[in-house]
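Residue indices begin at 1 and follow the sequence shown. Everything quoted here is computed from the prediction, not taken from an experiment.
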Amino acid sequence: MSSLMSFLRAVIAACLILLPGTPAVAERLSAVARVDPAHSRLEAGRRTIRLDLALSQPVPYKIVTLNDPPRLVVDFHEVNWDGLSRQSLMEGVRRGVTDMRFGAFRPGWSRMVLELDGPWGLTGAALGRDGQTGLSMLRLSLAPIPLPEFIARARNPEEVLWDLPRRAPIEGTPRQRQRGERPLVVVLDPGHGGLDPGAERGGLREANLMLTFARELKEYLLRAGGFEVILTREEDVFVPLENRVSIARAAGADLFLSLHADALADGDASGATVYTLAAEASDAASAALAERHDRADLLAGLDLSSHDDLVAEVLMSMARTETAPRSEKLADALVMGIQARGGQMHKRPRLRADFSVLRSPDIPSVLLELGFMSNDYDLARLRSPSWRAQMADGIVPALKAWGAADAAEAQLLRK
Ligand SMILES: [Zn+2]
């Protein structure tokens with residue numbers, strides 16, 4: 001686990017360096033949200049503490065528990081607390097929370113602190129839209145946990161980190177590996193959507209561009225024949241990363257292709273890049289990209305109650321031993337296919353990073369960055385129907401070729 005922690009630290013360090021220039025989610029949500037006191041409340045009983053905070057719009061937030069004295073700290077980017085009263089929130093609270101405070105923390109950041117009467121652990125944190133009021137509701141829940149666990153979870157305030165999403169659980173039964181006797185089931189995953197627009201530039205959103213491309217690519221695949229195609233989202237809605245993986249499993253996917261076109265602080269980067277999963281990212285930019293994608297999930301809300309299951313983790317790494325080389329070959333095939341049709345590839349077309357969406361233990365999965373919205377030429381290409389057709393034209397035979405080679409390998413293994 002220590003290597004994982006040092007990896008996470010490296011990711012966060014890279015992210016903090018890149019943050020001022022990265023126009024992803026944080027920037028779009030950087031406007032100040034106003035708290036709505038009438039729809040906010042705090043409840044504390046013997047077994048649970050619940051905080052509902054009503055906000056005029058979603059904001060990035062991070063949560064940390066600290067010891068000595070035990071407290072929960074929520075940082076927002078950022079909230080105007082005008083009108084919120086400590087007294088009225090604390091009214092009727094007799095246990096759990098002994099005191100609270102909130103206010104500006106440092107430029108761009110607001111903080112709320114709940115003083116706890118003992119070791120309480122976070123069991124849920126979700127930021128969602130309330131259908132009735134239209135307000136963004138941050139709902140936090142806590143439950144008592146043993147003191148040693150609390151101490152283990154409590155972090156140094158100097159190291160307040162973005163809580164990263166949990167690993168996707170294994171659900172459903174893995175499908176028999178395809179041997180070429182049925183259509184290849186392709187799950188296309190248009191990145192982002194809804195609350196999470198992805199990269200934005202010149203009034204264009206990555207989420208919409210990718211949905212358009214996914215729909216077009218689906219048509220190309222169906223026209224070519226030999227494919228069954230499922231999209232992880234059909235419209236501009238938010239789909240948690242974990243669900244995208246579950247959709248692929250439920251569909252019995254033979255391969256998973258996540259589609260993105262992000263923006264980098266370095267506006268010179270251009271061309272397509274194919275990513276495969278790795279705990280150690282190829283470089284800081286790849287690490288930051290993966291972290292940004294995962295963070296989008298957190299913004300929209302995430303259940304923190306499930307803990308990493310060691311047994312599941314071992315099973316998953318065993319399954320990945322077989323799947324990882326198949327993903328690598330899929331990525332190679334895509335690079336070759338796109339290049340064969342004259343598509344522009346990045347100077348380093350094959351990279352690795354720890355993308356949650358690539359963590360299927362048994363479905364070959366790759367993430368294709370079609371280009372960089374931060375680059376003028378790439379942005380123009382992404383908008384061009386003929387360029388997108390050219391890309392699709394390279395991807396379709398690549399998936400065909402990979403499917404055939406993968407089936408032949410499965411036949412060989414069977415003998
Ligand atoms: Zn993206």
Side-chain angles (χ1 to χ4, degrees), residues 11 14-30 188-193 196-214 216-217 241 257-278 281-296 331 334-339 341-358 366-395 398:
V11 165
C15 181
L16 290 179
I17 292 160
L18 289 170
L19 211 51
T22 46
V25 184
E27 193 170 286
R28 186 186 80 99
L29 299 177
S30 63
L188 298 178
D189 173 45
H192 312 278
D196 165 27
E200 287 182 291
R201 183 122 187 275
L204 293 169
R205 294 166 148 216
E206 179 188 359
N208 296 344
L209 286 174
M210 291 308 102
L211 184 57
T212 302
F213 183 72
E216 291 170 355
L217 182 56
L241 298 175
L257 176 57
S258 191
L259 300 166
H260 289 261
D262 285 274
L264 283 188
D266 167 19
D268 286 345
S270 74
T273 319
V274 187
Y275 282 90
T276 48
L277 180 75
S282 309
D283 51 34
S286 303
L289 189 67
E291 203 272 342
R292 232 169 29 233
H293 282 169
D294 284 4
R295 193 178 56 201
L334 282 168
V335 171
M336 271 174 20
I338 292 169
Q339 276 172 339
R341 291 291 190 280
Q344 291 77 16
M345 297 299 304
H346 185 245
K347 57 178 190 263
R348 292 175 69 197
R350 289 273 277 101
L351 290 172
R352 296 185 177 86
D354 189 17
F355 288 101
S356 289
V357 83
L358 299 182
V366 300
L367 188 146
L368 171 61
E369 291 275 348
L370 283 161
F372 294 93
M373 290 179 68
S374 40
N375 181 279
D376 291 339
Y377 295 107
D378 276 10
L379 190 63
R381 289 180 191 126
L382 287 160
R383 299 179 67 173
S384 150
S386 64
W387 181 85
R388 294 197 302 266
Q390 188 191 342
M391 287 301 270
D393 222 19
I395 293 169

(request) Under the side chain to side chain contact (heavy atoms under 4.5 Å, CB included) rule, what do Leu217 and Arg388 come out as? Steps first, then yes or no, please. (result) CA-CA 9 Å; Leu217 182 56; Arg388 294 197 302 266; over 6 Å; no
(message) Using every non-hydrogen atom in the two residues, find where Ala214 and Leu188 come nearest and quote the distance to one decimal.
(response) O-CD1, 3.6 Å
(request) Go through the steps to decide whether Met210 and Leu370 satisfy the test side chain to side chain contact (heavy atoms under 4.5 Å, CB included), and finish with yes or no. (result) CA-CA 9 Å; Met210 291 308 102; Leu370 283 161; 3.7 Å; yes
(request) Test Arg201 against every option in Asp378, Asp376, Asn375 by the side-chain hydrogen bond (donor to acceptor under 3.5 Å, both in side chains) rule and name the one that passes. (result) Asp376
(message) Measuring only between side-chain heavy atoms, which start at C-beta, is Met391 closer than 4.5 Å to Phe213?
(response) yes
(message) To check you understand the geometry: which heavy-atom pair defines the closest contact between Gly193 and Ala207, and what is its length?
(response) N-CB, 3.4 Å
(message) Taking atom CE as the centre, does Met336 end up with more than 12 heavy-atom neighbours from other residues, nucleotides or ligands that are less than 6.0 angstrom away?
(response) no
(message) Just verifying a value: how many Å separate Trp387 CH2 and Leu382 CG, rounded to the nearest 0.5 Å?
(response) 5.0 Å
(message) For the OG atom of Ser356 and the CG atom of Leu277, what is their distance to the nearest 0.5 Å?
(response) 9.0 Å
(request) Write down the atom of Leu358, the atom of Val366, and the distance for their closest heavy-atom approach. (result) CD2-C, 3.5 Å
(message) Quick one, Leu259 and Asp189 - any side-chain contact, counting heavy atoms below 4.5 Å?
(response) no
(message) Return the CG to CD distance between Leu211 and Glu216, rounded to the nearest 0.5 Å.
(response) 10.0 Å
(request) Could you check Asp262 against Leu264 for side chain to side chain contact (heavy atoms under 4.5 Å, CB included), going step by step and ending with a plain yes or no? (result) CA-CA 7 Å; Asp262 285 274; Leu264 283 188; 5.8 Å; no
(request) Indicate the atoms forming the closest heavy-atom contact of Arg352 with Ala278, along with that distance. (result) CB-CB, 3.5 Å
(request) Quick one: closest heavy-atom pair of Glu369 and Tyr275, and the distance? (result) CG-CE1, 3.6 Å
(request) Work out which heavy atom in Thr273 is nearest to a heavy atom in Arg348; give both atom names and the distance. (result) CG2-O, 3.6 Å
(request) Identify, with sequence neighbours excluded, every residue that meets side chain to side chain contact (heavy atoms under 4.5 Å, CB included) alongside Arg383. (result) Leu204
(message) Is it the case that the side chain of Gln390 and the backbone of Arg341 share a donor-acceptor pair, with hydrogens and angles ignored and the cut-off at 3.5 Å?
(response) yes
(message) Before you tell me yes or no, could you show the steps for Met373 and Leu209 under side chain to side chain contact (heavy atoms under 4.5 Å, CB included), namely the whole-Å CA-CA distance, both residues' side-chain angles and the distance that decides it to 0.1 Å?
(response) CA-CA 10 Å; Met373 290 179 68; Leu209 286 174; 3.9 Å; yes
(message) What's the separation between atom CD1 in Ile338 and atom CD1 in Ile395, rounded to the nearest 0.5 Å?
(response) 4.5 Å
(request) Give a yes or no answer on whether the side chain of Glu206 reaches the backbone of Ala261 with a donor-acceptor pair at less than 3.5 Å. (result) yes
